[in-house]
**Student:** 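Please find one structure pasted underneath; my questions will follow.
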Amino acid sequence: MKITLKDGSVKEYSEKKSIYEIACDLSEGLGRMAACGIVDGEIKDLRTVLENDCNLTICTINDPEGLSTLRHTTSHVLAQAVKKLFPEAKLAIGPSIDEGFYYDFDSQSFSREDLDNIEAEMKKIIKDGAELKYFELPRAEAIKLMEDRNEPYKVELINDLPEDATISFYEQGDGFIDLCAGPHLMSVKNIKAYKLISSSGAYWRGSEKNAMLTRIYGTAFPKKDELETYLTGLADRKNRDHNKLGRDMELFTTVDVIGQGLPLLMPKGAKIMQTLIRWIEDIEDNEWGYERTKTPLMAKPDLYKQSQHWYHYKDGMFVIADPQDPENEDKMLALRPMTCPFQYYVFKATPHSYRDMPKRYSETSTLFRNEDSGEMHGLTRVRQFTLSEGHLIVRPDQMVEEFKNCLALAKYVMETLGVQDDVKYRLSKWDPNNKDKYIGEPEVWEQTQQHIRDILTELEIPFYEADGEAAFYGPKVDINAKNVYGKEDTVITVQWDEYNAELFDMYYIDENGEKVRPGIIHRSSVGSYERSLAWLIEKYAGKFPTWLCPEQVRIIPISEKYFDYAEEVSKEFKKNGILHTIDKRSEKMGFKIREARLDRLPYMVIVGEKERDDRTVSVRSRFAGDEGVKPLSDFINQICEEIRTKTIREEVPEAEGK
RNA sequence: GCUCCGAUAGCUCAGUCGGUAGAGCACUUCACUCGUAAUGAAGGGGUCGUGUGUUCGAGUCACAUUCGGAGCUCCA
């Protein structure tokens, strides 16, 4: 057989050989480092025996495929260690994931101390350096083996495998056997750097109807220093956690008697949000053709019944009963969980000619959703939030163009905020296997999904597709960003809706005087302001671009002798809309500078005798350190320009401090 | 909603075997009037998240509850 290698060279063998044997044949080092193979594009275990001509890439633990093999094998070592220390634990599954691996057990929960003990046990196992042995069994024997070993979850997994599936196992060390499709390293001795990160609960097979298992998360790397780098990075990332930093910086707080998911924005956080809201409202109305609406925060249930939300999300709504007549549904009100139907009724209030289309409505809209108690997180998932929520009522021939415009607005907003490279676009589709969750016809879903696919392709926006992520009335583009914990949040969404115009009997009059159903685009431009603020805190680690800072300059008088001049400077700043304070505390300048730095201020101006006499300021910034003495008017021009253009100046890290 | 962890001064945290609460920073006052990352001194501040129980006695033990955190599940 002829084996074509990655570099294009061809190796010929007269008899069949395993990938491992070929790796060893190529070089002893490669044999030692090999983790898995890619045969004609498919990832294969090293033990796979090749008989026919094929393309073969041999991956080491330094390749992405090899790294996940390493992690997968580490998860087996973890399972072996857990079985040794906690023989009662039942094995569930243990795959490699993005940044490591996990293994689920049906067992007691594990404390940090338990994890440390398990890690120590893993060390012993690795030191023993067992080989992993691969074997296959017919279904009945496989089930028997797992039943004998009292592993009910494995039995269930085998039972659910398709008729023709190969049922494979790996055995290592003193009789540890796991049902597993592989691939795996040849031996556990190649595991050099690993760490158990945390333990938590996870549902068996990802369904809340099933038992809660105990999951252990861990990670593994080819080398110790790579592991160290990862762990340090993990800690650094958590230092940016908006939920910690936002509280430290006095942007928001929570109060137990106010309730879960109801953060209070403090003056600095509220100022940032005000800056964002004013900006978005201005550009939407003045540059992107939107009209503003202001609609009620609550409505009768009838409205949500008409929109179908009542039937899909009643449990997630705050319903207010009439105190005089609490049982009477006709007198109830529900706080709005979205603005869609309110803006539909704005559209319906007047007749519309085809000439006046599209109508683009936007509202800075406060919404209420009764999220389950475990779902709330900082500012990213809350029970009351504010969305730049818009609905475009569009002629069918305008849908594609307007959808593109919505994506363009989202892109412009992200570019201005400097976050455009941190997002992934997702085409969120319906789930053809779960039709109850969605309204409408399969053909319409397929068609609209294809429209969106075409648009993204034409705009050359990289995207991925996901089933079951659509809104119940239509597919959407979700723009997602990772938070510091590596979880994806949807920050902006643009949705294609073919159904609500029908539900709400919306129409416009075409050139023949006929009533025509419009299409609807649901969209946001920064998404939820709370979530966007969280995103920005984490993106900039609290060091916001100047235009967003709640305090842009701090005036630092060298002593109280210069307070008068500081006030004069302050007056000039105020005239120019520059957000600032004067630090009048009886402290040394060095102390005040240190505090201003720790407060992450973009600018400090120091005023003393020289500055007062010359009407100058001595400027120190987060970006360039000591910027020297400038005429006051020059500094004002400079910072006003920076704020007006929303410039994101590059940070120059200073040697000292945090 | 589920599993687990946590809550002590404004913040970060210590508090041993159950014996009546402690540090640093912050805050207030006073002195100093200062030139690019911490001036010095004095002082105030806590019914230990809340409730119930065990106990002669609870920050410490038990139960409940609220809030916070991680993960799972969910997210119009």
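Naming: A, B, ... by sequence-line order, numbering from 1 per chain.
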**Student:** Looking for any heavy atom pair under 4.0 Å, which part of the strands does A:Lys209 touch: base, sugar-phosphate only, or nothing?
**Tutor:**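 Nothing, no nucleic acid heavy atom in range.
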**Student:** Taking only side-chain N and O atoms of A:Ser373, does any of them lie within less than 4.0 angstrom of OP1 or OP2 on B:rG1?
**Tutor:**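 Yes, such a contact exists.
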**Student:** Summarise how protein sits on nucleotides 27-34 of chain B as a single string, 5' to 3': B when a protein heavy atom is under 4.0 Å from the base, S for sugar-phosphate-only contact, - for no contact.
**Tutor:** S---BBBB
**Student:** Would you say NZ of A:Lys300 has more than 12 non-hydrogen atoms from neighbouring residues, nucleotides or ligands within 6.0 angstrom?
**Tutor:**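 Result for NZ/A:Lys300: open.
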**Student:** Let me have a per-nucleotide readout for nucleotides 59-67 of chain B, 5' to 3', with B, S or -, counting only protein heavy atoms under 4.0 Å.
**Tutor:** -------SS
**Student:** Is it true that A:Tyr603 and A:Phe623 have ring centroids separated by less than 6.0 Å?
**Tutor:**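 Ring centroids of A:Tyr603 and A:Phe623 are less than 6.0 Å from each other.
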**Student:** Between B:rC17 and B:rA9, how far is it from one C1' atom to the other, in whole Å?
**Tutor:**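 B:rC17 and B:rA9 have their C1' atoms separated by 27 Å.
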**Student:** For A:Phe472 and A:His309, I'd like to know if the aromatic rings sit close, meaning centre-to-centre distance below 6.0 Å.
**Tutor:**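 Centroid separation for A:Phe472 and A:His309: below 6.0 Å.
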**Student:** May I ask you to verify if any side-chain N or O of A:His312 is less than 4.0 angstrom from the OP1 or OP2 atom of B:rC75?
**Tutor:**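 No, outside the criterion.
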**Student:** Mind checking the P distance from B:rU29 to B:rG45? Whole angstroms is fine.
**Tutor:**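 So the two P atoms sit 16 Å from each other.
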**Student:** Should A:Arg620 be listed as having a side-chain N or O under 4.0 Å from OP1 or OP2 of B:rA37?
**Tutor:**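 For B:rA37, OP1/OP2 do have a side-chain N/O of A:Arg620 under 4.0 Å.
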**Student:** Scan A:Lys610 against the nucleic acid and name what it touches under 4.0 Å (heavy atoms): base, sugar-phosphate only, or nothing.
**Tutor:**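 If one applies the 4.0 Å heavy-atom cut-off, A:Lys610 turns out to touch a base.
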**Student:** Within the pair A:Tyr217 and B:rC72, is there a side-chain N or O less than 4.0 Å away from OP1 or OP2?
**Tutor:**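 Answer yes for this pair, as a side-chain N or O of A:Tyr217 is under 4.0 Å from OP1 or OP2.
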**Student:** Please measure how far the C1' atom in B:rA64 lies from the corresponding atom in B:rC25, and state the result in whole Å.
**Tutor:**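 Pairwise C1' distance, B:rA64 against B:rC25, rounds to 36 Å.
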**Student:** Convert the base pairs of RNA chain B into dot-bracket notation, remembering that pairs crossing earlier ones are written with [ ] and that bases paired across to another strand are shown as |; include only Watson-Crick or G-U pairs under 3.5 Å.
**Tutor:** (((((((..((((.....[..)))).(((((.......))))).....(((((..]....))))))))))))....
**Student:** Which of parallel (below 30°), tilted (30 to 60°) and perpendicular (above 60°) describes A:His522 and A:Tyr473?
**Tutor:**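 Ring orientation of A:His522 relative to A:Tyr473: parallel.
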**Student:** For nucleotides B:rC48 and B:rG15, find the distance between their C1' atoms and express it as a whole number of Å.
**Tutor:**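 Rounded to whole Å, the distance is 11 Å.
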**Student:** If only side-chain N and O atoms of A:Tyr313 are considered, is one of them under 4.0 Å from the OP1 or OP2 phosphate oxygen of B:rA76?
**Tutor:**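 True: A:Tyr313 side-chain N/O within range (under 4.0 Å) of B:rA76 OP1/OP2.
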**Student:** Looking only at the aromatic ring of each residue, does the gap between the centers of A:Phe504 and A:Tyr344 stay below 6.0 angstrom?
**Tutor:**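 For A:Tyr344 and A:Phe504, the ring centres are under 6.0 Å apart.
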**Student:** Which one of A:Arg554, A:Lys588, A:Arg585, A:Arg600 satisfies the salt bridge (charged side-chain N to carboxylate O under 4.0 Å, His left out) criterion with A:Glu595?
**Tutor:**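 Per the salt bridge (charged side-chain N to carboxylate O under 4.0 Å, His left out) rule, the option paired with A:Glu595 is A:Arg585, out of A:Arg554, A:Lys588, A:Arg585, A:Arg600.
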